[in-house]
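Take a look at the structure below.
Since the model is a prediction, treat every value here as computed from it, not as a measurement. Every chain is numbered from 1, with letters handed out A, B, ... down the list of sequences.
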Amino acid sequence: MVVTRFAPSPTGYLHVGGARTALFSWLWARHTGGKFVLRIEDTDLKRNTPTAMQQVINDLRWLGIEWDEGPEVSEPNGPYLQSQRHQQGIYDKYVNQLLGEGKAYYCFDTSEELEAMREEATDQKQNLTYRRPEIFPDEKDAAKARSEGRPVTVRFAVPQDEDIIVQDIVRGEVKFAASEIGDFIIKKSDGFPTYNFACVVDDYLMKITHVIRGQEHLNNTPGQQALWQALGFGQLPQYVHMSVTVSEGGGKLSKRERPKALRQAIKTIENIDLEKLAQIGNINSEELESFIKGKTTPDMPVIDAMAEYIGVELPEINIVDFLRSGYLPETMVNFLAFLGWNPGDNREIMSIDELVRAFDLSRLTKSNSLFDRQKLIAFNTEHIKMTPREKLLGHLKDYLKTINSPVLSADDEQLKRIIILCEGARTLADIERKSRFLFLENDKIVYDDDAIKKVLLKGDGLDVLKNIQAKIEKFVTNPACRIDGQEKVTAEYTEKLLRSIAEERKVGLGKVAQPLRVALCGGTISISIFEAVEMLGKEKTLARIDNALNVIPAKAGIQKNDDVMDSRVRGNDKKEC
RNA sequence: GGCCCCAUCGUCUAGGUCGGCCUAGGACACCGGGUUUUCAACCCGGCAACAGGGGUUCGAAUCCCCUUGGGGCUACCA
């Protein structure tokens with residue numbers, strides 16, 4: 001049976017690269033009817049944060065990647081946290097085995113000494129391959145070193161008799177000269193195993209059949225393979241080294257891109273209030289300065305807070321970033337799957353079930369792929385289109401909650417109506433943006449300067465608005481002015497009204513609809529303006545028109561010419577009714 | 001620097017294992033045009049690639065070598 005695993009180091013949120021690794025492993029397990037294991041590689045005390053594991057777990061679940069074995073699920077070969085496994089002595093057992101068999105040895109070098117060796121090797125245009133001692137130090141030597149306060153580590157003596165050939169499913173045979181692979185540390189001076197060791201032991205104990213990971217691990221593989229054999233673990237797992245995902249700027253897509261983008265943004269802003277910025281990020285000014293100089297990087301929440309404050313959009317890298325930007329989990333899964341894989345026919349937009357059915361390791365791509373955000377948006381547009389309305393409603397509610405939108409006050413019926421009106425939306429953020437004005441208080445409407453200039457001030461937008469206002473007021477007070485005897489200002493009525501005004505004025509509907517749109521929502525982008533009037537109701541509609549009429553010309557310093565306008569509008573009223 | 005991986009339209013890729021079916025297919029982006037109350041969406045049309053050089057062969061995108069370019073790794077990180 002196929003057993004795959006995802007083994008993240010919990011250093012922060014799940015990012016795109018990690019999610020793709022997890023997805024490919026998961027898809028292969030599901031495709032073959034095998035098992036998918038989640039293992040947490042928290043052997044580096046300095047880097048792991050206590051909340052990170054939960055974040056990774058949440059993000060995997062949002063994507064719909066469920067594990068058969070691992071934290072919070074089922075632990076037949078547990079525990080699944082390497083820190084806990086270490087405490088149980090699992091790794092030491094194997095380290096001692098190697099030590100006893102003379103396949104590993106103690107080392108007492110300080111990091112300064114190591115650094116010096118490395119420099120020497122570089123001078124000779126070589127990589128550091130640790131010089132193995134003729135006679136391995138024994139327990140007594142180790143005890144002595146410890147008492148002297150020297151660091152004690154254990155290195156694996158990599159067999160030097162023959163080259164190591166890695167059989168890789170995507171790359172075929174990859175040959176490494178044994179002499180290139182130096183003896184590497186398997187047990188750190190703090191007693192913890194290194195990644196290269198813990199990974200081998202756990203893959204064996206957890207019966208992993210397919211090690212699917214990024215190409216950045218290819219160079220670790222010969223060492224791990226040698227270790228596997230030295231430990232007598234038998235049949236090697238299948239290795240699958242996926243191509244790397246690169247970002248638009250070139251280079252591996254990295255979570256460092258967000259702080260980098262923020263740093264650049266801060267530098268471009270003139271007269272920026274650094275004190276205030278530090279305060280927003282809840283860090284001191286030295287920390288901020290150090291960050292701007294590129295020396296240090298604060299935590300993600302600090303980055304996010306500062307970015308929001310200066311109003312800069314950071315590139316999405318973490319899976320939660322995509323949730324916040326209004327992408328569907330199905331979109332992410334589909335898109336991530338196509339980063340280094342394709343089904344071989346011309347299909348691109350695929351459901352998760354279709355992906356599971358079609359996925360095959362033999363179709364992994366060798367070359368690196370670029371994370372193309374434009375294509376992601378196109379995928380999202382398609383997925384929004386094909387997602388059943390009920391399900392989309394659920395996704396929309398999740399989204400509204402995560403961004404804490406005013407649209408949260410809408411009921412399901414209203415949300416469904418909005419979804420229908422937003423057909424063709426590219427993201428859930430589009431839907432929110434086009435409808436949030438419906439749920440804001442009248443005085444919370446923010447008028448967009450460009451929209452005001454272009455739509456209301458440039459032509460006779462204000463005049464049109466007065467025209468509309470007068471009609472709706474008549475409608476409210478005089479039943480005779482209603483079209484087809486309707487009592488409510490419905491979408492149908494509004495449409496008829498606006499069309500009649502456009503016809504009268506001999507202009508396109510746009511010249512009439514746009515001024516009203518700006519008055520009601522503050523900008524030029526919204527759901528259908530006819531529907532907006534109905535959903536808003538006549539009081540709010542009239543109040544907002546009134547507000548626009550009063551506030552905007554004053555704000556723009558424009559002289560109002562009420563008398564002329566009013567008489568003209570009133571004079572025409574009867575006829576128009 | 002050393003080691004390793006990769007190389008088809010701007011981007012993701014199909015084709016490469018079985019060399020002729022490829023005057024290289026699809027998608028995104030882009031450029032025209034249409035539809036339209038805004039933004040989208042939608043419809044029609046278009047542009048666009050086998051990195052370069054050597055081989056092997058009747059024949060190469062496909063096999064081999066070199067060059068160039070891109071990427072990864074080079075830790076008591078994972």
Side-chain angles (χ1 to χ4, degrees), chain A residues 7-11 41-44 46-48 107 109-111 114-115 118 121-128 151-155 166 168 170-171 174-177 180-182 184-190 192-196 198-199 213-222 241 243-244 246 248 250-252 335 338-349 362 365-372 374-379 381 384-385 422-427 430 433-434 451 455 495 498-499 502 508-514 516-518 521 523-530:
Chain A
S9 172
T11 54
E41 307 218 327
D42 55 345
T43 54
D44 186 354
K46 290 184 283 294
R47 296 208 320 158
N48 298 323
C107 284
D109 312 283
T110 62
S111 38
L114 250 13
E115 189 48 48
R118 207 165 285 127
T122 312
D123 287 346
Q124 289 167 19
K125 298 181 189 292
Q126 297 238 302
N127 278 337
L128 173 64
V152 177
T153 60
V154 178
R155 273 181 202 266
V166 174
D168 187 272
V170 337
R171 287 161 218 285
V174 185
K175 202 189 280 180
F176 295 86
E180 283 292 330
I181 302 157
F184 54 93
I185 292 179
I186 56 178
K187 181 173 174 170
K188 304 188 238 181
S189 58
D190 64 4
F192 274 80
T194 58
Y195 156 75
N196 276 309
C199 167
R213 60 194 1 175
Q215 198 215 91
E216 61 269 25
H217 290 284
L218 188 53
N219 288 307
N220 294 144
T221 309
H241 288 97
S243 56
V244 172
V246 298
E248 271 104 338
K252 191 168 78 165
F335 190 75
F338 273 72
L339 252 26
W341 173 84
N342 71 78
D345 46 39
N346 283 336
R347 281 183 296 172
E348 285 203 317
I349 301 299
S362 69
T365 295
K366 288 180 182 172
S367 46
N368 294 346
S369 45
L370 186 126
F371 191 84
D372 183 350
Q374 303 231 64
K375 191 143 181 168
L376 209 216
I377 291 178
F379 268 51
T381 310
I384 287 179
K385 242 178 261 170
C422 288
E423 205 184 351
R426 299 164 77 82
T427 63
D430 281 353
R433 186 174 47 137
K434 288 165 102 172
V455 178
E495 178 163 4
L498 297 195
R499 285 195 190 281
L509 187 53
K511 291 273 184 257
V512 179
Q514 283 302 75
L516 180 57
R517 194 186 307 279
V518 174
C521 75
T524 56
I525 299 168
S526 82
I527 56 164
S528 156
I529 196 62
F530 313 137

*Looking at residues at least two apart in the chain, or sitting in another chain, which of them share a side-chain contact (heavy atoms from CB on, under 4.5 Å) with A/Asp345?*
A/Pro343, A/Arg347
*Can you name the salt bridge (Lys or Arg N to Asp or Glu O under 4.0 Å) partners of A/Lys366, sequence neighbours left out?*
none
_Residue list, side-chain contact (heavy atoms from CB on, under 4.5 Å) with A/Ile185, at least two apart or on another chain_ = A/Thr153, A/Arg155, A/Thr194
*Check side-chain contact (heavy atoms from CB on, under 4.5 Å) between A/Asn368 and all other residues, then give those that pass, not counting sequence neighbours.*
A/Gln215, A/Ser243, A/Val244, A/Val246
*Taking salt bridge (Lys or Arg N to Asp or Glu O under 4.0 Å) as the test, write out the residues that go with A/Glu180, two or more places apart.*
none
_A/Phe338 and A/Phe379 aromatic ring geometry - parallel, tilted or perpendicular at 30°/60° bounds_ = perpendicular
_By salt bridge (Lys or Arg N to Asp or Glu O under 4.0 Å) - contacts of A/Arg433 (at least two apart)_ = A/Asp430
*With A/Asp190, which residues qualify under side-chain contact (heavy atoms from CB on, under 4.5 Å), at least two apart?*
A/Leu45, A/Lys188, A/Phe192
*So what's B/rG69 paired with, Watson-Crick or G-U wobble, going by both distances under 3.5 Å?*
B/rC6
_For B/rC63, the Watson-Crick or wobble partner whose two distances fall under 3.5 Å_ = B/rG55
Report all interatomic pairs (protein N or O, nucleotide N or O of nucleotides 42-46 of chain B) with separations under 3.5 Å.
residue, atom, partner, partner atom, Å
B/rC42, OP1, A/Lys385, NZ, 2.6

Do any N or O atoms of the protein come closer than 3.5 Å to N or O atoms of nucleotides 37-39 of chain B, and which pairs are they?
residue, atom, partner, partner atom, Å
B/rU37, O2', A/Arg517, NH2, 3.4
B/rU37, O2, A/Arg517, NH2, 2.3
B/rU37, O4, A/Ser528, OG, 3.1
B/rU38, O4', A/Gln514, OE1, 3.1
B/rU38, O4', A/Gln514, NE2, 3.3
B/rU38, O2', A/Thr524, O, 2.6
B/rU38, N1, A/Arg517, NH2, 3.4
B/rU38, O2, A/Thr524, O, 3.2
B/rU38, O2, A/Ser526, N, 3.0
B/rU38, O2, A/Ser526, O, 3.2
B/rU38, N3, A/Ser526, O, 2.8
B/rC39, O2, A/Lys434, NZ, 2.4
B/rC39, N3, A/Lys434, NZ, 3.2

*Sugar-phosphate, base or nothing in reach of A/Gln374, heavy atoms under 4.0 Å*: sugar-phosphate
*asked:* I need a per-nucleotide contact map over nucleotides 63-68 of chain B, read 5' to 3'. Cutoff is protein heavy atoms under 4.0 Å; write B for the base, S for backbone only, - otherwise.
replied: ------
_Check against side chain to side chain donor-acceptor pair (under 3.5 Å), A/Ser526 and A/Arg517_ = CA-CA 7 Å; A/Ser526 82; A/Arg517 194 186 307 279; 2.7 Å; yes
*Just name whichever nucleotide pairs with B/rC50, Watson-Crick or G-U, keeping both distances under 3.5 Å, else none.*
none
*Contact state string [nucleotides 73-78 of chain B, B base, S sugar-phosphate only, - no protein heavy atom under 4.0 Å]*: SBSBBB
*Contact state string [nucleotides 7-13 of chain B, B base, S sugar-phosphate only, - no protein heavy atom under 4.0 Å]*: S---SBS
_Tell me which nucleotide, if any, is Watson-Crick or G-U wobble paired with B/rC18 when both distances must be under 3.5 Å._
none
*Which one is paired to B/rG1, where only Watson-Crick or G-U wobble pairs with both distances under 3.5 angstrom count?*
B/rU74
